[in-house]
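These notes are about the structure you will find just below.
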Amino acid sequence: MKYGFFDDDAREYVITRPDTPYPWINYIGCEGYFGILSATAGGYSYYRDARLRRLTRGRYNNVPYDNGGRYVYVRDNEDGDFWSPSWMPTQSEVEDYSCRHGMGYSTIGSRRNGIRVSNRYFVPLGETLEIWQLTVTNERLVAADLSLFSSVEFCLWDALDDQSNFQRNLSTGQVEVEDEVIYHKTEYRERRNHFAYFACSEALAGYDTAREEFLGPWRGWDKPAAVAEGKARNSVAHGWSPMGSHHVKMTLQPGETRQVIFVLGYHENDKDEKFDPPGSQTLNKKTVKPVIEKYLQAENADAAFAALGQHWDDLLGVYQAETPDIHTDRMVNIWNAYQCMATFNMSRSASSFESGIGRGLGFRDSNQDLLGFVHMVPARARERILDIAATQLTSGGAYHQYQPLTKKGNNDIGGDFNDDPHWLIIGVAAYLKETGDFSILEEPVVFDNKPGTEQPLYVHLQRSMQYALDRIGPHRLPLIGRADWNDCLNLNCFSNTPGESFQTTTSKDGKVAESVFIAGLMVLSARELSDIARETGKAEDAELYGKISTDMDATIREHGWDGDWFIRAFDDFGRPIGSKENEEGKIYIESQGFCTLAGVGVEDGKARKALDLGCQTSGDAPRHCRAAARLYQILYRVWRDLDLSAGLQGKCRHLLPQQSVGGDRRDRSRQWRCGV
């Protein structure tokens, strides 16, 4: 069943029916303020950290699945009929529904009974707020008497605590309303200097800030009492569940269009200037009022949207490919690059399937992400590398995740993931190849965010490699630790405690189980570190790390090659996993793919044989897998041939029909950059 199509000229994906199998989301924001936005206006917003600075509530495991978000209700005051232009939450029948997910924005709209409504959501550059530009058109032959109701449900900042500490939360919610702007200030009096606000460009017929008053008893977001009755309660929340809703009345003549702007934002005050007047409990709004007034004006909102479009023109313009295939061009030039930037901003911390509560940014993940976006925003890549490195432990190991707001390691998950440190080396190498900025290697960076432990970034890379060398198993392969890229393959965990994580529990000493995947990773990272040392005049280091790479390559061939493919690992009993000896799970993609990307077996044909045979076990898909096998080998050669001293940033390269990248005809000025 078809739910939409690509509009390549507009760089949008157009969804033409709202009942998609799962919520199809977009990400708005590209600096510090972010939001998840589904095709039916679901999702939530946060500032920098999806757990610690959550502005609006997001609920998971809902029925229906996508429930709670940035909703607008349209009510016909003549007959009381009301509906949502985004289809959710009322699920009323609508005509001409569409959601256009674009670069950092989404436009959602539909038509019902002659009233057409469209809402464009986006985050202006340089601001900590989002704009909803709502356009209402009367396509009837007579005047339309309408009411509009906006709605958001505020989160009490810490998203985990918000969903669990009801005893406290039901007593702490607090708002303030001034000049028809709703301010959410829970805990502002005691411990915070930040607040949220929700404003509207039109004069209000009323407002609500208490969820129970807006919804009414025994009602949900699909039929709020205030909307059904056409009258806001002017409620002011004290405890319970604070929310924000504006009630706007308008009469539109036939053919008339009117725009209403809503601004939802985050703001901080200096800790010594929290209240106005001093000594009161009234928010100091002196610095936020000009921001609100600016973006409630249509011309400023339009200018901000144009600037966002130019921003994405500039980012995507860094690299454009021309191939014989429109689908390849679309993915490489638009959507893969866009996804890489969204992944950089979120690092998988927030999505429809990740609550934003449990993880923060991943150490491994964020380093991997560098490979896909470094050419677009090298300055931000540099900043991210230094942030990541500052969470590294003195042993060279790493917290698996860290919170983006505090930039401190996540103790709940901890470390001991033995593949993580290698990715810091690979991420830095990608940055150096793109920028030629070797000064980053001399940048002093702390360990575990502890002042006084500063060492040059190059030392952090050395510690990463030493961590791996200190954890070698009986076959001279790297120990698997808690887990590696296939995070549930924790081969020395024998937990029988209900609810205990197989990903993060190590109940054995971890001195036997080994990973061939990490071995391939080590071949690559040691070679990269050798090249970095050579480029910076450290000949002795270059020789040392080069030998580590070649020795591990030989070890993989000796102990990791099963005759036809690379095995995956050895478990805690020393038994091979991902081997022809196994009844199930004979071939794992991780070891085939990464050993190939590291160059193990590429020149003598082992890599191609492994990938081809692996694909033949998957039924009717060998043709596609052989193409994947070829791509892995191409990527290896491209990665191998990238010169650390080249400084490739800013060049536009094209893959032309007559040029076989990585084959027997190759143009060094036209490297095909891909995220691994």
Side-chain angles (χ1 to χ4, degrees), residues 4 12 14-19 37-42 66 69-101 105-122 131-152 198 200-208 214-215 219-232 244-264 296 298 301-302 305:
E12 295 174 334
V14 184
I15 301 168
T16 55
R17 52 182 296 173
D19 56 337
L37 177 60
S38 78
T40 55
D66 192 24
R70 306 165 180 83
Y71 296 139
V72 172
Y73 304 85
V74 181
R75 184 182 190 273
D76 190 325
N77 292 329
E78 292 292 329
D79 60 13
D81 178 64
F82 65 91
W83 56 290
S84 301
S86 57
W87 189 66
M88 283 292 287
T90 63
Q91 294 191 7
S92 306
E93 286 191 21
V94 295
E95 307 160 3
D96 298 334
Y97 163 88
S98 74
C99 169
R100 305 184 74 93
H101 279 332
Y105 69 91
S106 291
T107 304
I108 308 172
S110 58
R111 181 182 185 273
R112 180 177 168 91
N113 296 334
I115 303 300
R116 184 177 298 278
V117 184
S118 178
N119 203 355
R120 183 168 71 188
Y121 302 86
F122 71 97
I131 294 174
W132 309 359
Q133 284 185 286
L134 187 81
T135 303
V136 187
T137 301
N138 179 15
E139 297 182 350
R140 299 174 181 172
L141 299 178
V142 296
D145 180 16
L146 304 174
S147 281
L148 304 178
F149 292 84
S150 63
S151 73
V152 294
F198 193 30
C200 178
S201 63
E202 297 291 304
L204 301 186
Y207 59 85
D208 275 299
F214 177 72
L215 296 180
R219 286 174 175 257
W221 295 101
D222 59 330
K223 50 181 180 181
V227 178
E229 297 170 17
K231 184 179 180 180
S245 175
H246 310 96
H247 179 196
V248 176
K249 288 186 175 181
M250 64 173 61
T251 299
L252 295 181
Q253 299 304 314
E256 184 180 358
T257 296
R258 189 177 302 179
Q259 184 177 109
V260 181
I261 296 175
F262 300 96
V263 176
L264 171 66
L296 290 179
D302 288 339
F305 183 72

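All values reported here derive from a predicted model rather than from experimental measurement.
A 4.5 Å side-chain heavy-atom check between L215 and P224 finds at least one atom pair inside the cut-off. Under the 4.5 Å side-chain criterion, counting only non-hydrogen atoms from C-beta, N119 is not in contact with S86. Between D222 and Q91 the shortest side-chain heavy-atom distance does not fall below 4.5 Å.
A search for salt bridge (charged side-chain N to carboxylate O under 4.0 Å, His left out) contacts involving E202 returns nothing, not counting sequence neighbours. R116 pairs by the salt bridge (charged side-chain N to carboxylate O under 4.0 Å, His left out) definition with D96, E139, not counting sequence neighbours. Listed by chain and residue number, Y105, F122 satisfy the ring-ring contact (aromatic ring centres under 6.0 Å, His included) test with F305 (two or more places apart in sequence, or in another chain). In this structure, the side-chain contact (heavy atoms from CB on, under 4.5 Å) partners of S201, at least two apart in sequence or on a different chain, are V260, I261, L296. Not counting sequence neighbours, the partners of T90 by the side-chain contact (heavy atoms from CB on, under 4.5 Å) test are Y73, F82, W83, S84, S92. Listed by chain and residue number, nothing satisfies the side chain to side chain donor-acceptor pair (under 3.5 Å) test with T251 (two or more places apart in sequence, or in another chain). With sequence neighbours left out, S38 forms a side-chain contact (heavy atoms from CB on, under 4.5 Å) with P23, I25, T40, D66. Scored by the side chain to side chain donor-acceptor pair (under 3.5 Å) test, E93 finds no partners at all (sequence neighbours excluded). For R100, the salt bridge (charged side-chain N to carboxylate O under 4.0 Å, His left out) partners at least two apart in sequence or on another chain are D7, E12. Judged as a ring-ring contact (aromatic ring centres under 6.0 Å, His included), and not counting sequence neighbours, the contacts of W132 are Y121, F198, F262.
The minimum heavy-atom distance linking K249 with A205 is given by the pair CG-CB, 3.9 Å. Between H101 and S106 the shortest heavy-atom distance is ND1-OG, 2.6 Å. Of all non-hydrogen atoms in T107 and S118, the two that sit nearest each other are CG2-OG, 3.2 Å. Between L37 and A41, the shortest heavy-atom contact is CD1-CA, 3.8 Å. The shortest heavy-atom contact between P85 and I108 is O-CG2, 4.4 Å.
Within the 3.5 Å criterion, the main-chain N or O of T257 finds no donor-acceptor partner in the side chain of T137. Between the side chain of D208 and the backbone N or O of F214 there is no donor-acceptor pair closer than 3.5 Å. A side-chain donor-acceptor contact under 3.5 Å links R75 to the backbone of A228.
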Compile the donor-acceptor pairs under 3.5 Å between side chains in residues 140-150 and protein atoms, sequence neighbours left out, one pair per line.
| from | atom 1 | to | atom 2 | distance (Å) |
| --- | --- | --- | --- | --- |
| R140 | NE | N113 | O | 2.7 |
| R140 | NH1 | D76 | OD2 | 3.1 |
| R140 | NH2 | D76 | OD2 | 2.8 |
| R140 | NH2 | N113 | O | 3.1 |
| D145 | OD1 | N77 | ND2 | 3.2 |
| S147 | OG | N77 | OD1 | 3.1 |
| S147 | OG | N77 | ND2 | 3.2 |
| S147 | OG | H247 | NE2 | 3.0 |
| S150 | OG | H246 | N | 2.9 |
| S150 | OG | H246 | ND1 | 2.8 |

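Sorted by first then second residue, the salt bridge (Lys or Arg N to Asp or Glu O under 4.0 Å) pairs that include residues 252-261, not counting sequence neighbours, are E256-R258.
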#### Entry: Pair V136-V74, side chain to side chain contact (heavy atoms under 4.5 Å, CB included): steps then yes or no
CA-CA 9 Å; V136 187; V74 181; 5.7 Å; no
